[in-house]
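Notes for the one structure printed next.
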2 protein chains.
Amino acid sequence: MKISRSSSPENFSTTKTRKNIELFEDYVEAINEINFNKGFVKNVDLCKYFGVSNATVCKNIKRLIKEELVESEKYRSIFLTKAGKILAEKSNTRHEVLYKFLTKLGVPIRIAEIDSEGMEHHVSKETLNIMKKFNNSN
Amino acid sequence: MKISRSSSPENFSTTKTRKNIELFEDYVEAINEINFNKGFVKNVDLCKYFGVSNATVCKNIKRLIKEELVESEKYRSIFLTKAGKILAEKSNTRHEVLYKFLTKLGVPIRIAEIDSEGMEHHVSKETLNIMKKFNNSN
DNA sequence: CATAAAGTTTAGCCTTGGCTAAACTTATTA
DNA sequence: TAATAAGTTTAGCCAAGGCTAAACTTTATG
Ligand SMILES: [Mn+2]
Ligand SMILES: [Mn+2]
Ligand SMILES: [Mn+2]
Ligand SMILES: [Mn+2]
């Protein structure tokens with residue numbers, strides 16, 4: 001039982017804050033990707049993407065609307081707002097940098113896909129910059 | 001919007017599974033650490049450690065007891081079971097390897113402490129082994 | 001163009017992980 | 001040792017993120 005790091009409540013509260021926007025980040029990323037690939041996004045697309053029920057997607061989209069990341073009229077397509085688009089690009093870039101970092105390190109592709117899906121939301125911009133540098137010189 | 005990785009519902013369901021044991025991992029790690037430092041663990045110690053209320057700790061300890069990771073009698077100290085101890089050691093090792101990995105990479109200590117608190121729960125054993133190798137040769 | 005199929009929303013349920021306030025137990029100290 | 005302080009549990013609340021079943025809307029088809 002060796003512990004070289006030190007722990008503090010602030011670490012946990014930062015982690016909690018990051019977890020609170022995790023779903024938003026995943027959704028705007030997904031919406032951006034699906035829209036890029038097929039031109040529009042509907043409830044059913046997100047169900048397939050995440051593997052959850054239509055009711056779950058519907059409820060979560062309402063939360064994204066309240067956060068002004070998404071716009072949608074009843075029974076219609078789902079669009080990112082300006083803020084949603086910005087968050088999507090930022091999240092996608094971070095996810096991409098982390099994924100590439102893991103593969104450059106030697107992590108098998110399938111494992112890097114899985115691990116990065118969870119890890120991405122907890123990578124600070126400082127850590128991200130270091131990973132970016134590593135990617136560019138390896 | 002460049003995406004070099006590929007996404008699948010399995011990535012999200014694995015991530016969900018990992019999130020479901022995140023609290024258990026943090027708690028057994030904390031209990032192990034506090035016990036190591038002061039010989040016993042009480043509700044109030046965990047409140048300070050995590051920065052949450054006594055009611056929250058009490059409720060979460062009940063969940064750990066149901067999972068047979070922890071034993072405790074009313075108003076008394078909190079102990080890890082055999083399984084709890086094993087999970088604590090495993091989680092601590094993973095946390096420690098990741099933390100050291102980030103610092104060796106050049107991430108400032110304070111940032112590595114924060115980022116590793118969230119990332120640790122999403123690092124597969126394959127990725128962990130690669131980080132371990134990196135640590136030993138850098 | 002009427003009906004059937006596909007897709008979306010609503011209603012109502014559940015667990016997790018937080019909180020405060022109040023009740024209860026244990027520990028301290030006058 | 002009786003009163004007070006400190007610590008723990010219980011009760012009851014909330015939001016997030018899941019689910020199924022049923023109602024409703026849109027799209028496709030005979
Ligand atoms: Mn992502
Ligand atoms: Mn993700
Ligand atoms: Mn940890
Ligand atoms: Mn943690």
Side-chain angles (χ1 to χ4, degrees), chain A residues 9-31 34 38-79 117-118 121-122, chain B residues 9-31 34-35 38-67 69-79 117-118 121-122:
Chain A
E10 289 73 38
N11 301 354
F12 294 101
S13 77
T14 300
T15 298
K16 231 163 276 170
T17 304
R18 288 171 176 176
K19 284 200 268 185
N20 285 341
I21 56 169
E22 189 170 335
L23 181 133
F24 297 145
E25 292 176 338
D26 283 338
Y27 267 69
V28 294
E29 257 190 277
I31 292 166
I34 294 164
K38 59 166 277 200
F40 64 96
V41 183
K42 302 223 68 183
N43 184 309
V44 70
D45 299 314
L46 294 165
C47 292
K48 282 173 196 149
Y49 194 94
F50 291 118
V52 297
S53 74
N54 51 353
T56 295
V57 167
C58 187
K59 201 183 276 188
N60 286 335
I61 289 299
K62 285 216 185 113
R63 291 186 191 134
L64 286 154
I65 290 171
K66 203 187 299 172
E67 295 291 324
E68 302 192 322
L69 294 168
V70 150
E71 277 169 357
S72 183
E73 284 158 66
K74 257 194 176 188
Y75 298 100
R76 296 287 152 141
S77 289
I78 294 158
F79 301 96
E117 193 55 73
H121 311 283
H122 299 276
Chain B
E10 289 72 39
N11 300 355
F12 294 102
S13 77
T14 300
T15 298
K16 230 164 276 169
T17 303
R18 288 172 176 175
K19 284 200 269 184
N20 284 339
I21 57 168
E22 190 170 335
L23 181 133
F24 297 144
E25 292 176 338
D26 283 338
Y27 267 69
V28 295
E29 257 190 278
I31 292 166
I34 294 164
N35 189 59
K38 58 166 277 200
F40 65 95
V41 183
K42 302 223 68 183
N43 185 308
V44 69
D45 299 313
L46 294 165
C47 293
K48 282 171 198 151
Y49 193 93
F50 291 118
V52 297
S53 75
N54 51 352
T56 295
V57 167
C58 187
K59 202 183 274 190
N60 286 335
I61 289 299
K62 285 215 184 113
R63 291 186 193 135
L64 286 154
I65 290 171
K66 203 187 297 174
E67 296 290 323
L69 295 167
V70 151
E71 277 170 358
S72 184
E73 283 158 68
K74 255 194 176 187
Y75 299 99
R76 295 293 156 131
S77 290
I78 294 158
F79 302 97
E117 193 56 72
H121 311 283
H122 299 278

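In what follows, chains are A, B, ... by sequence order, proteins preceding strands, each numbered from 1. Values below: all heavy atoms of this structure, side chains included; hydrogens, waters and symmetry mates excluded.
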Whole-Å gap separating [atom2] ([N]) and [atom1] ([X]):
| X | N | atom1 | atom2 | answer |
| --- | --- | --- | --- | --- |
| Lys48(A) | dA6(C) | NZ | P | 11 Å |
| Ile61(A) | dG18(D) | CD1 | P | 12 Å |
| Arg76(A) | dT25(D) | CZ | P | 13 Å |
| Phe40(B) | dT8(D) | CZ | C1' | 14 Å |
| Tyr27(B) | dT16(C) | OH | P | 14 Å |
| Lys74(A) | dA23(D) | NZ | P | 15 Å |
| Asn43(A) | dC19(D) | CG | P | 12 Å |

For this session: Would you mind telling me which residue lines up with the more 5' stretch of DNA chain D, Asn60(A) or Asp45(B), judged by nearest nucleotide?
Result: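 Whichever sits nearer the 5' end wins; that is Asp45(B).
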
Is any side-chain N or O of [X] closer than 4.0 Å to OP1 or OP2 of [N]?
| X | N | value |
| --- | --- | --- |
| Lys62(A) | dT9(C) | no |
| Arg63(A) | dG17(D) | yes |
| Lys42(B) | dT8(D) | yes |
| Lys59(B) | dT10(D) | no |
| Thr56(A) | dG18(D) | no |
| Asn54(A) | dA6(C) | no |
| Ser53(B) | dC19(C) | yes |

For this session: Report yes or no: is the cationic atom of Lys38(B) (NZ for Lys, CZ for Arg) under 6.0 Å from the centre of the six-membered ring of Phe40(B), at an angle within 45° of the ring normal?
Result: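 Flagged: Lys38(B) positioned over aromatic ring of Phe40(B).
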
Exercise. Under 4.5 Å between any side-chain heavy atoms of Leu46(A) and Ile78(A), yes or no?
Worked result: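 The answer is yes; the side chains approach within 4.5 Å.
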
Problem set entry | Nucleotide nearest Tyr75(A) when distance is taken to its side chain, options dT10(C), dT8(C), dT8(D) |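 So the nucleotide nearest the side chain must be dT8(C).
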
Exercise. Considering heavy-atom distances to DNA chain C, does Glu67(B) or Ala55(B) have its closest nucleotide positioned more toward the 5' end?
Worked result: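 This one resolves to Glu67(B).
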
For this session: Please name the pair of heavy atoms, one in Asn35(B) and one in Val41(B), separated by the smallest distance, quoted to 0.1 Å.
Result: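 That closest heavy-atom pairing would be N-CG2, 3.6 Å.
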
Exercise. To the nearest 0.5 Å, how far apart are CD in Glu67(A) and CG in Leu23(A)?
Worked result: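 Glu67(A) atom CD to Leu23(A) atom CG measures 10.5 Å (nearest 0.5 Å).
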
For this session: Scan Lys19(A), Arg18(A), Glu25(A) and name whichever one has a side chain to side chain donor-acceptor pair (under 3.5 Å) with His121(A).
Result: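 Of all the options given, the one that passes is Glu25(A).
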
For this session: Fit a plane to each ring of Phe50(B) and Phe12(A), take the angle between them on a 0 to 90° scale, and name the class: parallel (under 30°), tilted (30 to 60°) or perpendicular (over 60°).
Result: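 Aromatic pair Phe50(B)/Phe12(A) classed perpendicular.
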
Exercise. So, the side chain of Asp45(B) versus the backbone of Lys42(B): is there a donor-acceptor pair under 3.5 Å, distance only?
Worked result: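 Checked: pair present.
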
For this session: Check DNA chain C against residues 13-23 of chain B and give the residues with a non-hydrogen atom under 4.0 Å, in numerical order.
Result: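 Those residues are Leu23(B).
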
